[in-house]
There are 2 protein chains.
Amino acid sequence: MSLSSDLDAFDRAILAILQKDNATPQRTIGEKVNLSAPAVQRRIKRMEEQGVIRANVALVDPAKVGHPITIFVEVEVESERAELIDAAKRGFAQVPEVQQCYYVTGEADFILIITVATMADYEALTRRLFFANNNVKRFRTFVAMDRVKVGLEVPLA
Amino acid sequence: MSLSSDLDAFDRAILAILQKDNATPQRTIGEKVNLSAPAVQRRIKRMEEQGVIRANVALVDPAKVGHPITIFVEVEVESERAELIDAAKRGFAQVPEVQQCYYVTGEADFILIITVATMADYEALTRRLFFANNNVKRFRTFVAMDRVKVGLEVPLA
DNA sequence: GTTTGAATTGCAAGTTTGTTTCGTTTGGAG
DNA sequence: CTCCAAACGAAACAAACTTGCAATTCAAAC
């Protein structure tokens with residue numbers, strides 16, 4: 001499971017910084033958390049090995065690269081047989097336009113976040129992903145008018 | 001608007017790499033896209049200034065830092081007066097547990113993605129954010145059973 | 001109270017990476 | 001054809017990362 005990742009106050013302080021800007025020099029991090037640069041570096045390495053840090057990435061503004069439209073989709077399936085659910089998960093995850101995909105409880109089964117260039121592209125996607133899929137009973141679309149807050153930061157109180 | 005960000009094939013190739021791993025050395029990027037390290041560096045810097053690259057961050061596994069629960073909330077408001085909508089946006093964005101917040105069209109007005117340690121924490125949050133807010137008419141909760149695909153990567157075909 | 005051992009630290013040396021300089025190339029516009 | 005601006009690459013340089021090692025801490029066992 002969470003497999004021996006007991007983080008102390010130093011680790012959390014380091015993570016808090018890296019979640020906002022992972023280009024911060026280790027020396028600077030060290031000054032802020034009262035640790036030497038090597039100590040910081042060893043902790044970062046350990047957290048990467050443990051999977052606490054999943055990845056180091058650049059966040060790109062979708063609008064600036066020709067994907068101005070963000071869409072939410074609630075998907076309801078016909079059958080919840082494990083095999084079919086797994087197939088659906090794999091199918092959704094494969095699609096690059098599907099930025100996020102969650103399997104959820106409640107009145108829907110999946111929630112997708114999709115990024116596209118045009119509504120025509122979205123319409124084409126719905127054909128491929130939903131209409132052509134026998135196990136999709138229904139889906140509801142929400143178009144984002146404002147990306148009020150977007151990130152994957154986890155609070156570290 | 002998108003303000004003079006015409007990206008060529010080099011820029012896109014660089015972005016594709018940085019979106020997956022921004023710790024990739026510039027020399028390595030240069031080899032992959034057939035450019036020298038300084039050229040890569042200049043392009044990255046320019047894209048950061050243009051806002052194409054919004055941030056450089058570490059992605060943290062929520063479960064490993066004590067936030068194993070991810071929740072979606074569809075929020076419907078009473079009034080869509082601009083002033084009240086703006087207030088709601090600011091209110092939601094301020095909360096650390098609200099990882100993402102979108103203002104959307106359709107049967108809901110806001111969609112939130114929330115990360116918490118326990119359902120009790122979520123319940124406490126609902127009190128603060130929804131029940132204590134006169135402008136919230138109704139909200140629907142979806143608990144994530146599986147984070148099938150999580151990221152903010154934008155396809156760059 | 002002392003000893004032991006494991007874990008973590010800081011310092012300093014060594015290596016890799018990022019950055020700047022500068023001369024050259026390229027692609028139009030006059 | 002020439003000129004100019006923009007972008008490039010090679011090399012020198014600066015900064016950051018990484019590693020080895022001795023010193024420190026702390027808890028458990030003696």
Side-chain angles (χ1 to χ4, degrees), chain A residues 1-61 63-66 152-154 156-157, chain B residues 1-61 63-66 152-154 156-157:
Chain A
M1 193 64 33
S2 289
L3 204 25
S4 75
S5 44
D6 43 333
L7 308 175
D8 61 16
F10 286 125
D11 292 325
R12 289 173 183 278
I14 292 169
L15 280 182
I17 293 171
L18 293 182
Q19 279 195 116
K20 296 206 177 292
D21 180 9
N22 73 349
T24 311
Q26 296 172 352
R27 178 178 54 83
T28 307
I29 298 174
E31 288 166 9
K32 292 189 181 175
V33 306
N34 286 322
L35 227 49
S36 69
V40 171
Q41 121 88 2
R42 284 184 283 253
R43 283 166 179 270
I44 293 174
K45 186 181 175 190
R46 178 174 50 80
M47 290 192 285
E48 283 174 347
E49 288 167 353
Q50 286 175 173
V52 177
I53 296 175
R54 260 202 317 128
N56 289 286
V57 303
L59 300 188
V60 171
D61 185 335
K64 297 268 174 76
V65 295
L152 293 175
E153 201 175 326
V154 182
L156 292 172
Chain B
M1 195 60 37
S2 288
L3 206 23
S4 76
S5 44
D6 41 335
L7 308 176
D8 62 16
F10 286 124
D11 292 324
R12 290 173 183 279
I14 293 169
L15 280 181
I17 293 171
L18 293 182
Q19 279 194 115
K20 296 206 178 294
D21 180 9
N22 73 350
T24 310
Q26 295 172 352
R27 284 169 168 78
T28 307
I29 298 175
E31 289 166 11
K32 292 190 182 176
V33 304
N34 284 323
L35 228 51
S36 69
V40 170
Q41 207 245 42
R42 284 185 284 252
R43 284 165 179 271
I44 293 174
K45 185 182 176 193
R46 179 175 48 81
M47 291 192 285
E48 283 174 347
E49 287 167 354
Q50 286 175 173
V52 177
I53 296 174
R54 263 201 314 128
N56 289 285
V57 303
L59 300 189
V60 172
D61 184 337
K64 297 267 175 74
V65 295
L152 292 175
E153 200 175 327
V154 182
L156 293 172

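Letters go in sequence order (proteins before strands), and every chain restarts at 1. All values derive from a computational prediction rather than experimental measurement. Every heavy atom of this structure was used, including side-chain atoms; hydrogens, water molecules and symmetry mates were not.
- Comparing B:A23 and A:A37 against DNA chain C, the residue whose closest nucleotide sits nearer the 5' end is A:A37.
- Atom CZ of A:R46 and atom P of D:dT18 are 15 Å apart (whole Å).
- When each of D:dT19, C:dG18, D:dC8 is scored by its nearest atom to the side-chain atoms of A:R42, the top-ranked nucleotide is D:dT19.
- At a threshold of 4.0 Å, the pair A:R27-A:E31 counts as salt-bridged, since one of the basic side-chain nitrogens sits closer than that to a carboxylate oxygen.
- Looking at heavy-atom distances under 4.0 Å, B:P25 makes contact with sugar-phosphate atoms alone, never a base.
- Salt bridge status for B:R43 with B:D11: present, with a side-chain N to carboxylate O gap under 4.0 Å.
- Here D:dT18 is the nucleotide among C:dG10, D:dG9, D:dT18 with the atom lying nearest to any side-chain atom of A:Q41.
- Using a 4.0 Å heavy-atom criterion, one finds that A:R43 contacts the sugar-phosphate atoms exclusively.
- Here the closest non-hydrogen pair linking B:L7 and A:K64 is CD1-O, 4.0 Å.
- Of the N and O atoms on the side chains of B:N56 and B:E48, at least one donor lies less than 3.5 Å from an acceptor on the other residue.
- Taking for each of A:P38 and B:P38 the nucleotide of DNA chain D with the nearest heavy atom, the 5'-most of the two is the partner of B:P38.
- As a whole-Å value, the separation of B:E31 CD from C:dT16 P is 14 Å.
- The nucleotide whose nearest atom lies closest to any side-chain atom of A:Q26 is, among D:dT18, D:dG9, C:dG10, D:dT18.
- Annotation: of the two residues near DNA chain D, A:R27 and A:K45, the 5′-most nearest-nucleotide partner is A:R27.
- Across D:dC8, D:dT18, C:dT9, the shortest atom-to-atom separation from the side chain of A:A39 is found for C:dT9.
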